[in-house]
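Heads up: the structure comes next, in structure tokens.
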Number of protein chains: 2
Amino acid sequence: MPSIKDVADIAGVSTATVSRVLADKPHVRPQVRERVLAAVESLNYRPNLVARSLRVQKSNKIGLIVADIQNPFFTSVSRAVEDLAYQHELSVFLCNTDENPEKEDIYLDLMQDENVAGVIIAPTRQTASAFTEAIKLDLPMVIIDRRLPGVGIDSVLIDNVDASYRLTEHLIADGHRRIAAMFGMDSVTGSQRYQGYAQALKDHDLQPSSDLVIHVNAREEEGYQAAKQLLNRTQPPDAILTSNGLLSVGAFRALHESKVAIPDEIGFASFDETGWTTLVDPPITIIEQPTYEIGQAATELLLKRIETPARPAREIILKANLVVRNSCARH
Amino acid sequence: MPSIKDVADIAGVSTATVSRVLADKPHVRPQVRERVLAAVESLNYRPNLVARSLRVQKSNKIGLIVADIQNPFFTSVSRAVEDLAYQHELSVFLCNTDENPEKEDIYLDLMQDENVAGVIIAPTRQTASAFTEAIKLDLPMVIIDRRLPGVGIDSVLIDNVDASYRLTEHLIADGHRRIAAMFGMDSVTGSQRYQGYAQALKDHDLQPSSDLVIHVNAREEEGYQAAKQLLNRTQPPDAILTSNGLLSVGAFRALHESKVAIPDEIGFASFDETGWTTLVDPPITIIEQPTYEIGQAATELLLKRIETPARPAREIILKANLVVRNSCARH
DNA sequence: AGTCTTGCTGCAAACGATTACAATATTTTT
DNA sequence: AAAAATATTGTAATCGTTTGCAGCAAGACT
């Protein structure tokens, strides 16, 4: 691998001049610039990013730390972040915490050690206090997907209360009354979605009965079990709402297996567009999160933060989309 | 951020000694080691990876370059690579080429500029000659998913001919005769799968008729259109085989929309376990690729290559799994 | 006691860029 | 034509590590 020194030698100038040419700085004769460029060409020289990063104490990388890379929500967000980063000539370092706080710490440290310009993160921690370690790193940072109350950090979130409210209201409008719902445990997102659900019921003079509300870990198997259990009750619910893509798969599988008719015997509505919702019978009514927009907004926010580290933190809240299909309205 | 110099000052030693302690090298008095460790602790010192990487001319990062991060096949592979890397204290730099050779080049260069220890890549190029740019970088490298004939590079692949043969044979065994099939265009993978399909037909005294074989780009929309077109023929096929997850979604959507009964009116079988295949009616018979094993094997191969750059290249070929469900056998 | 190991530690030179600053050359101004 | 301003280029320090080499102390051997 040729270094800047080699280029300088061939062009018959100093490394400083080469550096200036490459950085498009003024104060270099056109003739000399030519020579340098020719030398660069002939050697197929590429500047060493590690050395540059060491010298200028920053880099053109950003980190993207997500909780689960197999979750379509995150891959779609990643896609957006990647696209924007590419446009700005940044590269992205994608990490997967697996919802594991320990891994999260390791990756956060790594980001700092790698001199990244900034980080976009979907934190596994649910409270600001548990996240202080990360905050004090003072890296440009933006949080996505999970609200961390009280930390003064740029965030891009969706309006979970609203989304859940509308989904619930939709079920109510279709005549469902005993609406069971599953929410992710120990997550702000989950509790916000519960809130919207409960509010919608109240606003329509329905009592949120505690035996219809289920809090579980957001895993397919748990969604399956919970749905099974609901169906086996002496008085099963009119409808089931699931607040997360993984729970949805599990719940749907249970309904499907039990051969209960959707929507005539039981209504079904859920969160997240996951690719299968239009293929099954009936197509599922869902809340679609604007994943690409989330990634975009997060990247833009991060770029601004990098540019102006002192600017006041901003919280961007996007509305989700209710996509009505045929899993709610009885015939 | 404290540097090794700060640690050295506090511990009252030279930076060389600190470095030796941190690298667990011999020749340092236990007492001194103690002092250094204490200083490290008190300052919360973390070595600067960029500086280290510059000095030793390598790093603990590996690159993973995939074609489409939204494809479950690749996310699953990534997951495996990540797990193994994590165990070996490596971090992974995940890049998305979007099947774009230009992006591929950029990322490949970036990998080199970042001093990564090695790269795992699913090349977008279909021929070795188009890939020479990459090869001459002489980075430790392993290729996954797509066979690049004639390059002497470690690869882990699945036996596409065999997989496709078995899937076709399965359809034949279930009584289908006029079996249409869609293959990805311009890809070795696609043509291997075609090969297996054609061979299976021949071995069962069936003629592979050219009007039943469709070569398209591996996109959902093209699968949809192709399937529509097949169904609208005066003499539609007995069965459809799709050789790729995206084509499958499209084709299935078309079948579903046309309300043609699977498998009684038409058989359906496809590649890739994509999450929806068991949720639809009927569940789809598929070839399941051992994605996790692919990622594992690739990482192991890469680690060995890094350790012994001169070892002979190896090609690991994994068999895929035929998962029989209810989309082929007529009642 | 003198010489040889051996163990411990520090000095200083890398790694490959960027960038103050100084030095020189060129142009403009008076 | 001299002085001042400006443009061009080079020198050398710097970023934070690692590591070859040398120095020195202490113990082992003759």
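Proteins come first, then strands; the chains are lettered A, B, ... in the order of their sequence lines, and each starts at number 1.
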Out of the candidates B:L90, B:V142, B:T308, B:I62, only one should pair with B:L303 under the side-chain contact (heavy atoms from CB on, under 4.5 Å) rule; please name it. B:L90
Hydrogens and angles aside, do B:T124 and B:E104 bring a side-chain donor and acceptor to less than 3.5 Å of each other? yes
Give a yes or no answer on whether the side chain of B:D6 reaches the backbone of B:S3 with a donor-acceptor pair at less than 3.5 Å. yes
First contact, last contact: which nucleotides of DNA chain C are these for chain B, 5' to 3', heavy-atom distance under 4.0 Å? C:dG7 to C:dG16
Short of 4.0 Å, heavy atom to strand atom, which residues of residues 41-62 of chain A count as contacting DNA chain D? A:L54, A:R55, A:Q57
Please determine, by modelled atom types, if B:Y292 and B:D83 share a side-chain donor-acceptor pair under 3.5 angstrom. yes
Under 4.0 Å between a side-chain N or O of A:S14 and OP1 or OP2 of D:dG10? yes
Between B:E34 and B:R29, does any NZ, NE, NH1 or NH2 come within less than 4.0 Å of an OD or OE carboxylate oxygen? no
So if I take the C1' atoms of five pairs at each end of the helix from C:dA1-D:dT30 to C:dT30-D:dA1 and get each local axis, what angle do the two axes make, rounded to 10 degrees? 50°
Taking B:Q126 for its side chain and B:V188 for its backbone only, find out whether a donor-acceptor pair lies under 3.5 Å. yes
With sequence neighbours left out, write down each residue that passes ring-ring contact (aromatic ring centres under 6.0 Å, His included) with A:F74, or none if nothing qualifies. none
Near DNA chain C, counting only heavy atoms under 4.0 Å, which residues of residues 17-37 of chain A show up? A:S19, A:K25
Ignoring hydrogens and angles, tell me if any N or O in the side chain of A:S59 forms a donor-acceptor pair with the backbone of A:N115 under 3.5 Å. yes
Carboxylate-amine/guanidinium proximity below 4.0 Å for A:R146 and A:E99: yes
Test side-chain contact (heavy atoms from CB on, under 4.5 Å) on A:I120 and A:I65; report intermediate values, then the result. CA-CA 6 Å; A:I120 297 173; A:I65 303 181; over 6 Å; no
Please confirm whether the backbone N or O of B:V50 pairs with a side-chain atom of B:S53, one donor and one acceptor, at under 3.5 Å? no
Can we say B:D113 and A:R52 salt-bridge, meaning some charged N sits less than 4.0 Å from an Asp/Glu carboxylate O? no
To the nearest angstrom, how far is A:D113 atom CG from D:dT17 atom C1'? 13 Å
Report, one line per pair, each donor and acceptor closer than 3.5 Å where one atom sits in a side chain of residues 150-157 of chain A; sequence neighbours left out.
residue: A:D154; atom: OD1; partner: A:R305; partner atom: NH2; Å: 3.3
residue: A:D154; atom: OD1; partner: A:R314; partner atom: N; Å: 2.7
residue: A:D154; atom: OD2; partner: A:R305; partner atom: NE; Å: 2.8
residue: A:D154; atom: OD2; partner: A:R305; partner atom: NH2; Å: 3.0
residue: A:S155; atom: OG; partner: A:I153; partner atom: O; Å: 2.9

